[in-house]
Amino acid sequence: MSGYTHIGKVCDLIVTEHPPEKAALRRQLLAARRALSPESRAAAARALARSALALPELAGARTVAAYVSVGAEPGTHELLDALRAAGKRVLLPLLLPDNDLDWAAYEGPGSLAEAAHPGKMRLLEPSGPPLGPEAVTAADAVLLPGLAVDGRGMRLGRGGGSYDRVLARLERAGRHPALVVLLYDEEVVARVPEEPHDHPVQAVATPSGVARF
């Protein structure tokens, strides 16, 4: 790992010799998120927006594929508005029935609508016209949700596979946007379990700062 800015020590949540199954680590990390107070989440969201905006990969991007945080995820609402205010074209995902992602442009908080998906939590999605799953290939930077990242840049997601498809689509298209995962400080861990289809990210932004891999 290199390029740390203001992030504290790596949290040794798992050992490298015998990493636990992804499901067990996900349960551990989700429980820690649920334990955060609303005040702590709000403060983290403000700090995360400042950290992410300081990344040259975002400063130089014309189009950013992002997402709307839900539940106890690190908050992205302030970041989305700041990116739009800076003149960026911001794309947000629309969840499809097969867990793939379509995309639509973000036009401000009033353009988001609650969307219900059977068996899943309610999401906030853009209400503008869908642009198609391939729209993400126009992004100069992609902000990824996750639960953890390690010093190799390997990201642990929620396990739904939506962003595995996005990353595979980018690879097929020969596109290499900056991949940035947004996390809480404690979610930068020693190591996460990986599978052959997993793609490393180039950077992580947390409330305390950024790191590149």
Do the side chain of [X] and the main chain of [Y] share a donor and acceptor less than 3.5 angstrom apart?
X      : Y      : result
Ser51  : Val210 : no
Asp140 : Thr63  : yes
Arg155 : Pro145 : yes
Ser111 : Ser127 : no
Arg158 : Arg26  : no
Glu125 : Ala113 : no
Arg122 : Glu114 : no

If you count the non-hydrogen atoms of other residues, nucleotides and ligands that lie under 6.0 Å from CZ in Arg62, is the total more than 12? no
Residues that Glu78 engages under side chain to side chain contact (heavy atoms under 4.5 Å, CB included), provided they are two or more places apart: Arg46, Ala49
Transitive ILVMFWY cluster of Leu36, excluding itself - 4.5 Å side-chain cut-off: Tyr184
Which residues pass the side-chain hydrogen bond (donor to acceptor under 3.5 Å, both in side chains) test with Tyr106, sequence neighbours left out? Asp81
Mind checking the [atom1]-[atom2] spacing from [X] to [Y]? Nearest 0.5 Å is all I need.
X      : Y      : atom1 : atom2 : answer
Asp102 : Leu91  : CG    : CG    : 10.5 Å
Leu48  : Asp185 : CG    : CG    : 9.0 Å
Arg191 : Arg152 : CZ    : CZ    : 3.5 Å
Leu58  : Lys88  : CG    : NZ    : 7.5 Å

